[in-house]
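Reading through the structure tokens given below for one structure.
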Amino acid sequence: MLENTIKESVGMIREKAGENGKVIVLVSGGVDSMVTAALLLKALPADNIYAIYVDHGFMRKNESDFVYSHLKKLGFKNENLLKIDAGDKFIEAVAGIIDPEEKRRIIGGLFIEVVREAADGFNLDYDGTFIAQGTLKPDLLESANPDLGKDESERIKTHHNDVDIVRKARAKGLIIETNYNWYKDDVRKVARILGIDEAVASRQPFPGPGLAVRIMGEVTREKLALIREADAIVREELDALEKENKPDQYFAVLTDSLSVGINNGIRKYSPVIAVRAVATDDYMTCGYAMLPHEVLNRISSRITSEVEGVSRVVYDITNKPPATIEWE
Ligand code: XMP
């Protein structure tokens, strides 16, 4: 059944791009865009596919190397693969921005600008080149895409793959959405069928705007450094659980609250870290993960002792709805 929809997707790519069409695929390292890249390699001559990975500076610890090495493993040659380090640009663009939707719009818009510049480097005309994305239907529903009969008031959050500039390109027929008919668990199965590494196939979702939406309020380099360390601890501790006890998604959030604490007898007034861990089938709804207290205790002890400047950790015990999985 999934094999058939894979064939359909490959057929759709060939039909849209034709024999000579050049396609840019924007890869974030998530399973969605990796599947898109793998499907393109299946459908088209490798020389016609250009993979671009933008490190926007909001990636997690060691994440960029992971993504790049797996792209090479998929079969991209150096001349068709570009990694752009655009951290400075993005961090500057969101400086002082507090509102989550504004952060998302700025990052989504700048992303396209950066990719457009990169396309120049490949001598591709961005406006006349196909762009492939790993969009899933729920992304468009949450972004309140008008093609699905949604209006602005129904927008939950803007996904980077459905910002205005993408909608315009989509209207011109230039967007290739290889995963449109699949939900997240289907995409993982497709990844396994295509022989993609398990480390990629089972990756947790990570928002397009990355850690920028896991830092509440203003994003700064210092906060990014702090959340990276705290998040790495949460992931390390929960990665180590047995499969059946492992939540489906887990991460740290840097709240914009300061709280009083004591460290070596000295009063501290420092940021509060929240830990989020959820159990879910489709990410549309979730329950908070009922983690054993000893695991929570280990996470909290490690964060407060290993991450400089943190003296309080809280656990998010909210289901979705009413809360979303991400905090912004
Ligand atoms: P929420 O926070 O809406 O998240 O409950 C549902 C799932 O979607 C992920 N998420 C995103 N994924 N781009 C993505 O590709 C985004 O902008 C984005 N925002 C949220 C989130 O991590 C969760 O798994």
Side-chain angles (χ1 to χ4, degrees), residues 1-10 12-13 25-40 42 59-60 63 66-67 70-71 74 104 108 132-145 148 150 155-162 166 175-210 213-214 231 235 238-239 241 243-251 276-289 318-321 323-328:
M1 158 87 176
L2 264 183
E3 273 82 357
N4 286 341
T5 59
I6 292 173
K7 274 192 201 133
E8 276 169 27
S9 182
V10 167
M12 178 276 290
I13 297 168
V25 57
L26 309 178
V27 184
S28 65
V31 60
D32 302 344
S33 55
M34 283 294 200
V35 163
T36 296
L39 287 167
L40 290 173
K42 216 171 152 63
M59 302 306 279
R60 291 164 291 185
E63 190 162 20
F66 174 93
V67 177
H70 280 284
L71 271 172
L74 273 189
R104 282 173 177 273
Q133 307 193 130
T135 323
L136 310 182
K137 200 173 200 168
D139 299 349
L140 298 189
L141 290 171
E142 291 201 341
S143 298
N145 186 289
L148 298 179
K150 297 275 168 186
R155 184 194 295 143
I156 297 169
K157 67 180 48 152
T158 304
H159 286 257
H160 65 286
N161 43 25
D162 197 32
V166 173
I175 301 285
I176 297 180
E177 279 159 334
T178 61
N179 310 343
Y180 183 74
N181 290 316
W182 297 320
Y183 283 89
K184 202 80 187 184
D185 54 339
D186 300 322
V187 176
R188 292 191 199 289
K189 288 181 197 150
V190 170
R192 290 177 188 119
I193 293 170
L194 295 175
I196 293 175
D197 267 19
E198 188 55 32
V200 173
S202 58
R203 271 192 118 199
Q204 296 177 19
F206 185 60
V213 291
R214 289 183 180 171
D231 184 68
R235 287 194 292 141
L238 297 186
D239 282 350
L241 297 182
K243 194 170 185 288
E244 60 274 19
N245 300 327
K246 215 181 283 201
D248 295 296
Q249 190 176 3
Y250 38 91
F251 52 90
R276 182 76 162 137
V278 299
T280 178
D281 288 328
D282 58 4
Y283 301 88
M284 304 293 276
T285 61
C286 79
Y288 76 86
T318 336
N319 301 328
K320 171 184 180 178
T324 50
I325 295 175
E326 303 289 341
W327 278 40
E328 287 201 336

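These figures come from a predicted structure and were not determined experimentally.
D32 and G134 make their closest contact through CB-O, 3.4 Å (heavy atoms, listed as atom of the first residue, atom of the second, distance). Scanning both residues, A37 and V27, for their nearest heavy atoms gives CB-CG2, 4.4 Å. Between T285 and P321 the shortest heavy-atom distance is CG2-CD, 4.1 Å. Closest heavy-atom contact between L241 and N245: CD1-O, 3.7 Å. Of all heavy-atom pairs between A38 and I196, the closest is CB-CD1, 3.8 Å. The shortest heavy-atom contact between M34 and V67 is CE-O, 3.8 Å.
Of the inter-residue distances, the one linking Y283 atom OH with L136 atom CG reads 11.0 Å to the nearest 0.5 angstrom. Summarising the geometry, atom OG1 belonging to T318 is positioned 7.0 Å from atom CH2 belonging to W327; distances are rounded to the nearest 0.5 Å. We find the CD1-CE distance between I325 and M284 to be 10.0 Å, quoted to the nearest 0.5 Å. Annotation: the span from S9 atom OG to K42 atom NZ amounts to 10.5 Å, rounded to 0.5 Å. We find the NZ-OG distance between K246 and S202 to be 8.0 Å, quoted to the nearest 0.5 Å. The distance from atom CG of D239 to atom CD of Q204, rounded to the nearest 0.5 Å, is 7.0 Å.
At a threshold of 4.5 Å between non-hydrogen side-chain atoms, the residues M12 and I176 count as touching. Taking 4.5 Å as the limit, some side-chain heavy atom of I6 sits within range of a side-chain heavy atom of W182. Within the 4.5 Å cutoff, the side chain of D185 has no heavy atoms near those of the D282 side chain. Looking at heavy atoms from C-beta onward, P209 lies out of side-chain contact with E326 at the 4.5 angstrom threshold. Counting only heavy atoms from C-beta outward, the side chains of F251 and R235 never approach each other to under 4.5 Å.
Salt-bridge check for R214 with E328: failed, with every basic side-chain N at 4.0 Å or more from each acidic carboxylate O. Here D281 does not pair with K184 in a salt bridge; the nearest charged N to carboxylate O distance is not below 4.0 Å.
With sequence neighbours left out, the side chain to side chain donor-acceptor pair (under 3.5 Å) criterion links N4 to no other residue.
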Quiz item: Between R276 and C286, does a side chain to side chain contact (heavy atoms under 4.5 Å, CB included) hold up when you go through it step by step?
Solution: CA-CA 11 Å; R276 182 76 162 137; C286 79; 4.1 Å; yes
Quiz item: T280 and Q249: side chain to side chain contact (heavy atoms under 4.5 Å, CB included), yes or no, with the steps?
Solution: CA-CA 8 Å; T280 178; Q249 190 176 3; 5.6 Å; no
Exercise. Before giving the answer on side chain to side chain contact (heavy atoms under 4.5 Å, CB included), spell out for N181 and D186 the whole-Å C-alpha distance, their side-chain angles and the decisive distance to 0.1 Å.
Key: CA-CA 9 Å; N181 290 316; D186 300 322; over 6 Å; no
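Heavy atoms of other residues, nucleotides or ligands lying less than 6.0 angstrom from CZ of F66 number more than 12. More than 12 heavy atoms of other residues, nucleotides or ligands shown are found within 6.0 angstrom of NZ on K320.
Residue pairs meeting the salt bridge (Lys or Arg N to Asp or Glu O under 4.0 Å) criterion with at least one member in residues 188-197, sequence neighbours excluded: K73-D197, R192-E198.
Remark: side-chain polar atoms of N179 are not paired, donor with acceptor, to backbone N or O of T135 under 3.5 angstrom.
Under the 3.5 Å distance criterion, with hydrogens and angles disregarded, a donor-acceptor pair is assigned to the side chains of T36 and T178.
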